[in-house]
Amino acid sequence: MIDYKNHWDKVYSKNELNKLGWYEETPQPSLDLIKSCNLNKDAAILDVGSGATTLIKNLIHDSFSNILALDISQVALDRAKQLLTPDEAAKVKWIVDDVTNPENLNQQGSIDLWHDRTVLHFLIDENHQKAYLETLKKVVRKDGFVIIAVFSLEGAKKCSGLDVKNYDHQMIEEFLGKDFKLLNHFPYLYKMPSGDLRPYVYTLFKRTNP
C-alpha cells in the first residue's frame, strides 16, 4: 500500500515549487472553467490536492472569499502559503486531509465547486476511487459544480514515481454517474517546466440530483 502522505511530504520538501512537473504559472484552463460557472464571490470552492498551486492566488485576486485548499501533505500546504502574502493566506481554509478517508473535510459543510487537477488519476486502487467519489458526493451540493482534470488516454502512465490511471471524458462521466451532467470537456496539452508536454483532459460537471 502506498503511503501517499509520506510520498508527497518528501516531494514538496525536496523540490523547488516552480520545477515540479505539474506546476502552472497561470492555471488558465481551470480559471476558464470556473469563470463559466458564474459563481457568487462567496461560493465555497474546494481545491482538492491543492499542493502549491497558483490557483489559490488567482481565486483571491478574483475576489472569491470562501476558498478551501485541501491536501494530504502538510508540507505542501505550508509551502503553498509561502506563495501568498499573510493577508491572502488568512483568507483560505487550509485543510490537511485524505480525500479517500476524510476527517476534517467533513466538518466544512457543503461545497459549490469541487476542483481537482491531477488527484483522481493517482488513485489506481478501485477502493480508493470509490472512496473519492463517496467524499465528492457528500460535500458537493445539488446544482454544484465539479471540475476534474487528469492525464488523458494519450498521457503519461507515471508521474512523480507513481503509476496513474488515464481517462477520457466519457470514463470520468461514467465514474461520476447519473447524478452529474457533463457540461464541458476538452483536451489540453500542458507544457511542463522541463519543456516536456503532457496531454490532459479537462471536464466540467454540474450536480443535478442530491
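Keep in mind the model is a prediction, meaning the values are calculated, not measured.
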Worked verdict on Leu55 versus Ile34 for side-chain contact (heavy atoms from CB on, under 4.5 Å): CA-CA 11 Å; Leu55 179 67; Ile34 292 170; 4.1 Å; yes

Taking side chain to side chain donor-acceptor pair (under 3.5 Å) as the definition, give me every residue that meets it alongside Thr100, ordered by chain and number, with sequence neighbours left out. Asp98

Side chain to side chain, [X] and [Y], heavy atoms closer than 4.5 Å:
{"X": "Tyr132", "Y": "Val119", "value": "yes"}
{"X": "Asp116", "Y": "Ile147", "value": "no"}
{"X": "Asn66", "Y": "Lys93", "value": "yes"}
{"X": "Tyr188", "Y": "Pro199", "value": "no"}
{"X": "Phe180", "Y": "Leu136", "value": "yes"}
{"X": "Val140", "Y": "Leu46", "value": "no"}
{"X": "Val201", "Y": "Ile172", "value": "yes"}
{"X": "Ser36", "Y": "Leu204", "value": "yes"}

Output all residues satisfying side-chain contact (heavy atoms from CB on, under 4.5 Å) with [X], sequence neighbours left out; order by chain, then residue number.
{"X": "Lys130", "answer": "Glu126"}
{"X": "His185", "answer": "His169, Leu182, Thr203"}
{"X": "Thr26", "answer": "Gln28, Leu31"}
{"X": "Thr135", "answer": "Val99, Pro102, Leu105, Trp114"}

For a side-chain contact (heavy atoms from CB on, under 4.5 Å) check, start with the C-alpha distance between Phe122 and Val150, then their side-chain angles and the critical distance, and finish with the verdict. CA-CA 9 Å; Phe122 281 113; Val150 288; over 6 Å; no

Would you sort out whether Asp112 and Arg141 count as a side-chain contact (heavy atoms from CB on, under 4.5 Å), showing the intermediate values? CA-CA 6 Å; Asp112 296 290; Arg141 67 169 177 81; 2.3 Å; yes

Just wondering, are more than 12 heavy atoms of other shown residues or ligands nearer than 6.0 Å to NZ in Lys35? no

Are there over 12 heavy-atom neighbours, none belonging to Lys181, within less than 6.0 Å of that residue's NZ? no

To the closest 0.5 Å, what do you measure between OH (Tyr190) and CG (Asp196)? 10.0 Å

From Ile56 CD1 over to His115 NE2, what is the distance, rounded to the nearest 0.5 angstrom? 9.0 Å

Is the NZ or CZ atom of Arg117 both under 6.0 Å from the centre of the six-membered ring of Tyr202 and within 45° of that ring's axis? no

I need the full list of salt bridge (charged side-chain N to carboxylate O under 4.0 Å, His left out) pairs touching residues 53-63, with sequence neighbours left out, sorted by first then second residue. Lys57-Glu88

Among pairs that include at least one residue of residues 156-174, which meet salt bridge (charged side-chain N to carboxylate O under 4.0 Å, His left out), considering only residues two or more places apart or in two chains? Lys158-Asp163

Might you work through the side-chain contact (heavy atoms from CB on, under 4.5 Å) test for Ser65 and Lys91, ending with a clear yes or no? CA-CA 7 Å; Ser65 60; Lys91 296 178 180 179; over 6 Å; no

Does Lys137 have any salt bridge (Lys or Arg N to Asp or Glu O under 4.0 Å) partners at least two apart in sequence or in another chain, and if so, which? none

With sequence neighbours excluded, tell me which residues meet salt bridge (Lys or Arg N to Asp or Glu O under 4.0 Å) with Lys138. Glu134

Name all pairs fulfilling the ring-ring contact (aromatic ring centres under 6.0 Å, His included) condition that reach into residues 143-163, sequence neighbours left out, sorted by first residue then second. His121-Phe151, Phe151-Tyr200

Can you list, pair by pair, the side-chain donor-acceptor contacts under 3.5 Å of residues 67-74, counting residues two or more places apart and other chains?
residue	atom	partner	partner atom	Å
Asp71	OD1	Ser73	N	2.9
Asp71	OD2	Ser50	N	3.4
Asp71	OD2	Gly51	N	2.8
Ser73	OG	Asp9	OD1	2.6
Ser73	OG	Val75	N	3.3
Ser73	OG	Ala76	N	3.0
Gln74	NE2	Asp78	OD1	2.9

Tell me who clusters with Leu197, hydrophobic residues only, linked when side chains sit under 4.5 Å apart either directly or through other members. Leu189

